[in-house]
Amino acid sequence: MSKIQLISGSSHPLLAKTIAQGLDLKLTPIKIKRFIDGEIYVRIKKRVRGDDLYLIQSLSPPVNDNLMELLIIIDAARRASAGRINLICPYLGYSRQDRKVRSREPISAKLIANLISKAGANRLVTVDLHVDQIQGYYDIPFDHFVGYPQFANYLKSHNYSNLAIVSPDIGGVKRASKMASLLGAPIVILDKRRPNHNQSEVVHVVGEVSGKTAVIVDDIIDTGGSIAAAAKIIKKEGAKEVIVCGTHALLSGGACQRLAKAPISKVLFLDTIPGCEEKLPQAEIISLAPLLARIINRVHNGQSLGALFTWEKKEVKL
Ligand code: R5P
């Protein structure tokens with residue numbers, strides 16, 4: 001069996017450190033610096049020849065820097081004759097540009113897939129892709145985990161009841177419906193429109209929220225516009241309280257002010273993006289580090305990952 005080495009890019013050192021602790025490993029030392037003109041320099045400071053690498057890097061802001069850094073680290077590892085290069089990318093940026101909507105637009109998610117594969121990654125592990133089909137953009141093994149069981153587990157262990165699980169748009173219905181069935185709760189769907197990029201409005205509510213604890217579950221909280229609009233209309237429809245569960249807390253622009261002003265009693269995030277606890281201190285963060293450590297351990301030992309999908313048997317245990 002090849003040796004295992006964990007390498008962290010600079011996007012999320014805290015998550016990488018916590019994963020390493022969970023695996024009782026030390027992170028492989030790496031030098032990452034910027035030249036004065038902004039170009040990136042990388043040197044892996046330990047031999048990796050023949051070893052299996054697990055490279056932890058989210059495509060979080062600054063997304064373009066983190067992407068370029070990721071590609072350069074993969075290149076350095078490949079040229080140093082590493083064994084398998086496994087990319088642990090909890091947040092895969094550019095996933096919202098997954099198709100052409102209008103003429104002369106790119107499909108950036110596919111371009112990113114080409115870049116990552118061409119650089120030399122042998123496997124990609126990620127969480128809550130914006131759309132599942134992005135898996136097909138890659139011709140390398142692709143392990144896609146979902147965040148909703150973590151939220152369901154939290155709500156169960158904190159004894160929340162009389163819930164309604166809300167999808168803030170049509171694209172999120174599958175996620176909300178799976179979470180609803182895990183919690184034995186009804187689903188509510190919002191009909192969201194986007195008049196322009198980064199703007200949203202809710203025009204219809206399908207389902208009943210009156211008197212219930214409404215749980216809005218979304219993959220990305222970016223400007224917070226979708227969530228704020230959703231919370232307002234749900235509250236207007238008579239929800240007792242509104243809880244937000246967001247996997248990737250980008251929190252761009254005025255997101256924190258928008259969320260603070262909205263009628264939301266609790267915000268839960270996963271830690272796929274660094275720094276959300278500082279930006280929005282009232283949010284509770286559920287760490288994915290234990291799950292990611294278990295995934296790395298199982299991949300490295302050639303064990304099935306299906307055994308980690310326990311929520312499919314309705315046992316919320318991770
Ligand atoms: C959109 O389809 C996504 O699932 C999120 O709802 C969206 O990216 C959130 O963006 P914002 O927070 O800017 O409204």
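In this chain, numbering begins with 1 at the start of the sequence shown. For ligands, and for the atoms within them, numbers begin at 1 and follow the listed sequence. Heavy atoms only: backbone and side chains are in, while hydrogens, waters and symmetry mates are out.
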Peer 1: Starting at CG of Leu27, measure out to OH of Tyr54 and round the result to the nearest 0.5 Å.
Peer 2: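 If we round to the nearest 0.5 Å, Leu27:CG and Tyr54:OH are 14.5 Å apart.
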Peer 1: When rounded to the nearest 0.5 angstrom, what distance separates CZ in Phe145 from OG1 in Thr126?
Peer 2: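 So the CZ of Phe145 and the OG1 of Thr126 are separated by 11.0 Å.
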Peer 1: I'd like the atom pairs linking ligand 1 to the protein - N or O on both sides, separation under 3.5 Å - with distances to 0.1 Å.
Peer 2:
unit_1	atom_1	unit_2	atom_2	d
ligand 1	2 (O)	Asp169	OD2	3.4
ligand 1	4 (O)	Asp218	OD1	3.1
ligand 1	4 (O)	Asp219	OD1	2.5
ligand 1	6 (O)	Lys192	NZ	3.3
ligand 1	6 (O)	Asp218	OD1	3.3
ligand 1	6 (O)	Asp218	OD2	2.6
ligand 1	8 (O)	Arg96	NH1	3.0
ligand 1	10 (O)	Arg194	NH2	3.3
ligand 1	12 (O)	Asp222	N	2.8
ligand 1	12 (O)	Thr223	N	3.1
ligand 1	12 (O)	Gly224	N	2.8
ligand 1	13 (O)	Thr223	N	2.8
ligand 1	13 (O)	Thr223	OG1	2.6
ligand 1	14 (O)	Ser226	N	2.9
ligand 1	14 (O)	Ser226	OG	2.5

Peer 1: Under 3.5 Å, is there a donor-acceptor pair between the Tyr94 and Asn64 side chains?
Peer 2: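 Their side chains do contain a donor-acceptor pair, which is all the 3.5 Å distance test asks for.
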Peer 1: Between the side chains of Arg194 and Asp169, is the shortest nitrogen-to-carboxylate-oxygen separation below 4.0 Å, so that they form an ion pair?
Peer 2: no
Peer 1: Got a salt bridge between Glu201 and Lys232, using NZ or NE/NH1/NH2 to carboxylate O under 4.0 Å?
Peer 2: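 Salt bridge between Glu201 and Lys232, a charged N being under 4.0 Å from a carboxylate O: no.
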Peer 1: Hey, are Ser11 and Asn66 close enough side-chain-wise for a donor-acceptor pair under 3.5 Å?
Peer 2: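 No, no side-chain donor-acceptor pair sits under 3.5 Å.
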